[in-house]
Amino acid sequence: MKKDTRLILALDVTSRERALSLVKLLENYFDAIKVGYPLILAAGLEIVRETSTYAPVIADLKIADIPNTNRLICEAALRAGAEGIIAHAFPGSDSLRACVDSAACYGAKVFAVTEMSHPGAEEFMAPLAEKLASLAVDARADGVVAPATRPERIKLIRSIVGDKIIISPGVGVQGGSARAALEAGADYLIVGRSVTSSEDPIASLKRIASDVRNYR
Ligand code: BMP
């Protein structure tokens, strides 16, 4: 995954046509596409392959099951062309390792969720986030997901994961700032609705891209 724009487009739309028109329109302005349940359930897993012709696709299935089921889910997404997988760390090291092992067979990356970006994540996830980040390191995940809405937590998680890739959602609609997340140590920002729901998606994405450029 190139690190050029440092932006990952969260393609949370619910039609194949809208998804493909957005990625065609915006393809020069992001480094990867994140496809999750809203689009896969609406358009089918084949949408992973279709969108992967524009940029590497991270399948955000937030996989959280026993190791064997995790492996089966990963293999389905990887066979469909995903180059990255998002898995939860909380089911434990054996479950996360099943994802890492499956991804390794396809040369793909695994990102483990540490603390999510929404307010409710403070109830259960935040108190465990440091342990989840360590677990991601021990399981040899390639990277972690950490909240742009709480840059101080990105900083803390960076101190635990070293040079692993940090991808950070929560910029824009959820209130996070691109600059603060990058300063705290995020490698990539995940941006969704502030672009996909915008009347002018190119202008919106360019605005965020210029925040990223100014940060450098
Ligand atoms: P938006 O920019 O529209 O808020 O979208 C953020 C994207 O990142 C969504 O796809 C959401 O599911 C995902 N996400 C998140 O917002 N917080 C997390 O902690 C983890 C996520 O994957």
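Atoms within a ligand are numbered from 1 in the order they appear, just like the ligands themselves.
Remark: the backbone N or O of Ile85 is not paired with any side-chain donor or acceptor of Lys109 at under 3.5 angstrom. Asn70 contributes a side-chain N or O that, together with a main-chain N or O of Asp65, makes up a donor-acceptor pair within less than 3.5 Å. At distances below 3.5 Å, not a single donor-acceptor pair connects side-chain atoms of Ser197 with backbone N or O atoms of Ser194.
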Show every donor-acceptor pair shorter than 3.5 Å between a side-chain atom in residues 173-187 and any protein atom, with sequence neighbours excluded, or say none if there are none.
{"unit_1": "Gln174", "atom_1": "OE1", "unit_2": "Ser117", "atom_2": "OG", "d": "2.6"}
{"unit_1": "Ser177", "atom_1": "OG", "unit_2": "Arg179", "atom_2": "N", "d": "3.4"}
{"unit_1": "Ser177", "atom_1": "OG", "unit_2": "Ala180", "atom_2": "N", "d": "2.9"}
{"unit_1": "Arg179", "atom_1": "NE", "unit_2": "Glu183", "atom_2": "OE2", "d": "3.0"}
{"unit_1": "Arg179", "atom_1": "NH2", "unit_2": "Glu183", "atom_2": "OE2", "d": "3.3"}
{"unit_1": "Asp187", "atom_1": "OD1", "unit_2": "Lys3", "atom_2": "NZ", "d": "2.7"}
{"unit_1": "Asp187", "atom_1": "OD2", "unit_2": "Arg158", "atom_2": "NH2", "d": "2.8"}
{"unit_1": "Asp187", "atom_1": "OD2", "unit_2": "Ile166", "atom_2": "N", "d": "2.8"}

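Using a 4.0 Å cut-off between charged side-chain N and carboxylate O, Asp211 and Arg213 make no salt bridge.
A distance of 11.0 Å separates NZ of Lys164 from CZ of Phe111, quoted to the nearest 0.5 Å.
Looking at ligand 1, you'll find an N or O of Lys34 within less than 3.5 Å of one of its N or O atoms. Remark: ligand 1 and Arg193 share an N or O pair separated by less than 3.5 Å (distance only, no angle test).
Nearest protein heavy-atom contact of atom 17 (N) of ligand 1 is Ser117 OG, 2.6 Å. For atom 2 (O) of ligand 1, the closest non-hydrogen atom on the protein side is Gly192 N, 2.9 Å. At the shortest separation from atom 18 (C) of ligand 1 among protein heavy atoms lies Pro169 CG, 3.4 Å. At the shortest separation from atom 6 (C) of ligand 1 among protein heavy atoms lies Gln174 NE2, 3.7 Å.
Remark: Phe124 CZ is loosely packed, at most 12 non-hydrogen atoms of other residues, nucleotides or ligands lying under 6.0 Å away.
Of the options Glu115, Lys62, His88, His118, the smallest heavy-atom separation from atom 12 (O) of ligand 1 is shown by Lys62.
Atoms of ligand 1 found under 4.0 Å from any heavy atom of Met116 (numbered from 1 in listed order, with element): 18 (C), 19 (O), 20 (C). Heavy-atom contacts of Asp60 reach the following atoms of ligand 1: 22 (O) (cutoff under 4.0 Å).
Distances shorter than 4.0 angstrom occur between a heavy atom of Asp12 and an atom of ligand 1.
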